[in-house]
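Presented below is the structure to which this report refers.
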Amino acid sequence: MTAPDLTALFDRLPEGWSEVTYAGRRYGVTRTTRVGGRQQSVYAEELGGTHVVSANLYATSAGPLLKPCEMPADVVLEFLEGWV
């Protein structure tokens with residue numbers, strides 16, 4: 001299994017707020033870029049529900065570093081790969 005391209009997964013989302021669908025449910029998603037693009041955050045909240053996905057991505061000299069916020073990385077990756 002190859003590692004996901006974390007930067008490409010974050011870049012799929014437009015900057016700012018947008019509405020997406022994941023697993024048949026609607027989400028409001030905010031993507032924010034800071035520090036000249038070296039830090040990005042994604043916060044997704046199920047509209048009318050309780051599910052949340054939140055993570056930060058850091059551009060380091062060793063490559064992109066994903067830091068999920070109080071959830072397993074798999075939850076974040078599944079969301080980033082599966083939203084439409």
Side-chain angles (χ1 to χ4, degrees):
M1 178 177 194
T2 62
D5 182 343
L6 296 171
T7 302
L9 288 175
F10 270 68
D11 287 348
R12 281 185 64 214
L13 287 163
E15 185 80 19
W17 189 90
S18 56
E19 187 176 318
V20 302
T21 302
Y22 172 70
R25 299 179 293 193
R26 292 175 38 236
Y27 284 77
V29 181
T30 302
R31 176 176 158 241
T32 307
T33 303
R34 297 178 186 86
V35 195
R38 294 186 317 235
Q39 193 269 329
Q40 296 185 60
S41 62
V42 168
Y43 179 79
E45 188 172 308
E46 182 184 2
L47 300 175
T50 60
H51 189 244
V52 171
V53 176
S54 182
N56 293 298
L57 182 66
Y58 300 94
T60 70
S61 58
L65 175 63
L66 179 67
K67 290 291 197 172
C69 302
E70 300 182 19
M71 65 190 57
D74 289 346
V75 171
V76 175
L77 292 173
E78 287 173 10
F79 179 84
L80 291 173
E81 292 171 339
W83 69 265
V84 290

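Everything numeric here is computed off the predicted structure, so don't read it as measured data. Starting from 1, each residue takes its place in the sequence as its number.
Hydrophobic cluster membership differs between V75 and V52, with clusters built from Ile, Leu, Val, Met, Phe, Trp and Tyr side chains linked at under 4.5 angstrom. Following chains of ILVMFWY side-chain contacts shorter than 4.5 Å, one can reach V20 starting from V42, so the two form part of one hydrophobic cluster. Under the 4.5 Å side-chain heavy-atom criterion for grouping Ile, Leu, Val, Met, Phe, Trp and Tyr, Y58 is not connected to V53 through any hydrophobic cluster.
E15 pairs by the side chain to side chain donor-acceptor pair (under 3.5 Å) definition with T33, not counting sequence neighbours. Taking the salt bridge (charged side-chain N to carboxylate O under 4.0 Å, His left out) definition, one finds that R12 meets it with nothing, sequence neighbours left out.
For the residue pair S41/R34, the side-chain donor-acceptor check at 3.5 Å is satisfied.
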(request) Go through the steps to decide whether L65 and L6 satisfy the test side-chain contact (heavy atoms from CB on, under 4.5 Å), and finish with yes or no. (result) CA-CA 8 Å; L65 175 63; L6 296 171; over 6 Å; no
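F79 is listed as a side-chain neighbour of V29, based on a closest heavy-atom distance under 4.5 Å. Side-chain atoms of T30 and E45, non-hydrogen and from C-beta on, never get closer than 4.5 Å to each other.
Here the shortest heavy-atom pairing between L47 and G28 reads CG-N, 3.6 Å. Residues S54 and V76 come closest through the heavy atom pair O-CG2, 3.9 Å. Contact detail for P68 and A55: the closest heavy-atom pair is CA-CB, 3.8 Å.
Within a 6.0 Å radius of CD in E19, more than 12 heavy atoms belonging to other residues, nucleotides or ligands are found.
In this structure, R38 CZ and T60 OG1 are separated by 11.5 Å, a value rounded to the nearest 0.5 Å. Note that CG of L57 and CG of L80 are 9.0 Å apart. Values are rounded to the nearest 0.5 Å. Atom CH2 of W83 is separated from atom CG of L9 by 10.0 Å, given to the nearest 0.5 angstrom. To the nearest 0.5 angstrom, E78 atom CD is 5.0 Å from Y22 atom OH.
Judged by distance alone, the side chain of T21 and the main-chain N or O of G24 form no donor-acceptor pair under 3.5 Å.
When each of K67, Q40, Q39 is checked for a side-chain hydrogen bond (donor to acceptor under 3.5 Å, both in side chains) with N56, only Q39 meets the rule.
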